[in-house]
> 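For reference, the structure I am asking about is given below.
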Amino acid sequence: MGKGTLVARLLEHDDRLWLSRSWTTRARRPGESPDAYTFVDRPAFEARAAEGGFLEWDEHLGHLYGTPIPHAPPDKDVVLEIDVNGAMQIRQQFPDALVLLVEPPSRHELQARLSKRGDTPESVEARLQRADMEVGKGREVADHVIVNDDLDRAVAEAAGILEEHRNPPGGTP
Ligand code: 5GP
């Protein structure tokens, strides 16, 4: 289970959270929910980017991914499940954003997860290389690193970090 599963579990436990649905030009994977993304073609994505419709966007292994300007109810906290380049753009615009880096327990484990998901061997290899690069950059931008070794433990850790961010021990953050 990757960071998508962790985020889904976090949302089940915390109704103040509101998950942003990203746009992507990647094709839907077999068995993937049609709601996982707003799936669009490149011209549609580029048109939206040109009119300033994304908070951030990034090219990831040949596909575009972007966060549409969110319209969350005012009492909600917006959750973005994005890559490290996206997180860096968000950090610049929102210095107070809480950035959590979710790391797989090992490269071997990540490889197993990606292969099980039905990615081609070439895509698995490209994603592994990308992940190596992201770990270094991610640790620079993240407030906390969560190792996704055990899902329940990782969810509890993320929930604890969120709670402390909302109610810091000595007052406002
Ligand atoms: P996947 O193709 O596996 O669904 O996603 C590939 C990568 O793109 C993942 O690291 C995912 O978190 C990231 N991603 C998904 N949506 C967005 C987005 O809106 N913006 C950015 N920058 N990355 C995203």
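Keep in mind that the numbers below use all heavy atoms, side chains included, and drop hydrogens, waters and symmetry copies. Indexing begins at 1, ligand by ligand and atom by atom, following the structure's order.
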> Measure from NZ or CZ of Arg48 to the centre of the six-membered ring of Phe54 and say whether it is under 6.0 Å with the direction within 45° of the ring axis.
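Yes, Arg48 lies over the aromatic ring of Phe54.
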> Would you call Arg127-Asp119 a salt bridge at under 4.0 Å N-O?
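Yes, Arg127 and Asp119 are salt-bridged.
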> Would you call Glu32 a ligand 1 contact, heavy-atom distance under 4.0 Å?
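Glu32 does not count as a contact of ligand 1 under the 4.0 Å cut-off.
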> Tell me which one of Arg26, Arg130, Arg42 satisfies salt bridge (Lys or Arg N to Asp or Glu O under 4.0 Å) with Glu59.
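Of all the options given, the one that passes is Arg42.
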> So is Tyr37 polar-close to ligand 1, meaning N/O to N/O under 3.5 Å?
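N/O-N/O distance under 3.5 Å: yes.
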> Would a single hydrophobic cluster contain both Leu98 and Leu19, if residues Ile, Leu, Val, Met, Phe, Trp and Tyr are joined by side-chain heavy-atom contacts under 4.5 Å?
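In one cluster: yes.
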> Between Arg29 and ligand 1, which residue portion shows a heavy-atom distance shorter than 4.0 Å: side chain, backbone, both, or neither?
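Side chain only; the backbone of Arg29 stays clear of ligand 1.
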> Which atoms of ligand 1 sit under 4.0 Å from any heavy atom of Thr67?
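Matching atoms, with element in brackets: 19 (O).
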> Give yes or no for whether the N/O distance cutoff of 3.5 Å, strictly under, is met between Trp57 and ligand 1.
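Checking ligand 1 against Trp57, no N or O pair falls under 3.5 Å apart.
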> Show the numbers, then the answer: is there a salt bridge (charged side-chain N to carboxylate O under 4.0 Å, His left out) between Glu103 and Lys3?
CA-CA 8 Å; Glu103 279 188 6; Lys3 60 184 191 281; over 6 Å; no
> Is the closest heavy-atom distance from Arg117 to ligand 1 below 4.0 Å?
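Yes, Arg117 has heavy atoms under 4.0 Å from ligand 1.
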> For ligand 1, is Glu134 a contact, meaning one of its heavy atoms is under 4.0 Å away?
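No; Glu134 lies far enough from ligand 1 that no heavy-atom distance drops under 4.0 Å.
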> Could you verify whether a donor N or O on one side chain and an acceptor N or O on the other, from Asn85 and Gln89, lie under 3.5 Å apart?
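Asn85 vs Gln89: no donor-acceptor pair found between side chains.
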> Which atoms of ligand 1 sit under 4.0 Å from any heavy atom of Arg26?
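By the 4.0 Å cutoff, the relevant atoms are 1 (P), 2 (O), 4 (O).
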> Any nitrogen or oxygen of Glu56 lying under 3.5 Å from a nitrogen or oxygen in ligand 1? Just yes or no.
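Among all N and O atoms of Glu56, at least one is under 3.5 Å from an N or O of ligand 1.
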> What residue and heavy atom of the protein are closest to atom 23 (N) of ligand 1, and at what distance?
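Closest protein heavy atom to atom 23 (N) of ligand 1: Asp83 N, 3.1 Å.
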> Lys3 near ligand 1, heavy-atom distance under 4.0 Å?
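Yes, Lys3 has heavy atoms under 4.0 Å from ligand 1.
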> Do Thr24 and Phe45 have side chains that get closer than 4.5 Å, going by heavy atoms?
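SC-SC contact between Thr24 and Phe45 ruled out.
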> Can you check whether Ser22 has an N/O within less than 3.5 Å of an N/O in ligand 1?
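Yes - when backbone and side-chain N and O of Ser22 are compared with those of ligand 1, one distance drops under 3.5 Å.
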> Supply the atom-to-atom distance Thr5 OG1 to Leu10 CG, rounded to the nearest 0.5 angstrom.
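One gets 12.0 Å once the value is rounded to the nearest 0.5 Å.
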> Which of the numbered atoms in ligand 1 are below 4.0 angstrom from a heavy atom of Glu81?
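By the 4.0 Å cutoff, the relevant atoms are 11 (C), 12 (O), 14 (N), 15 (C), 16 (N), 17 (C).
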> If you define the side chain from C-beta out and look only at heavy atoms, does anything of Lys137 sit under 4.5 Å from Val141?
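With C-beta onward as the side chain, the pair stays apart.
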> I'd like to know if Arg21 pairs up with Glu81 as an ion pair, taking the criterion as any Lys NZ or Arg NE/NH1/NH2 lying under 4.0 Å from an Asp or Glu carboxylate oxygen.
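Salt bridge: no.
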> Suppose I only count heavy atoms of Asp58 and a 4.0 Å limit; which atoms of ligand 1 are within that range?
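Those of ligand 1 that fall under 4.0 Å from Asp58 are 22 (N).
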> For ligand 1, which atoms, with element, lie under 4.0 Å from some heavy atom of Gly86?
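Matching atoms, with element in brackets: 22 (N).
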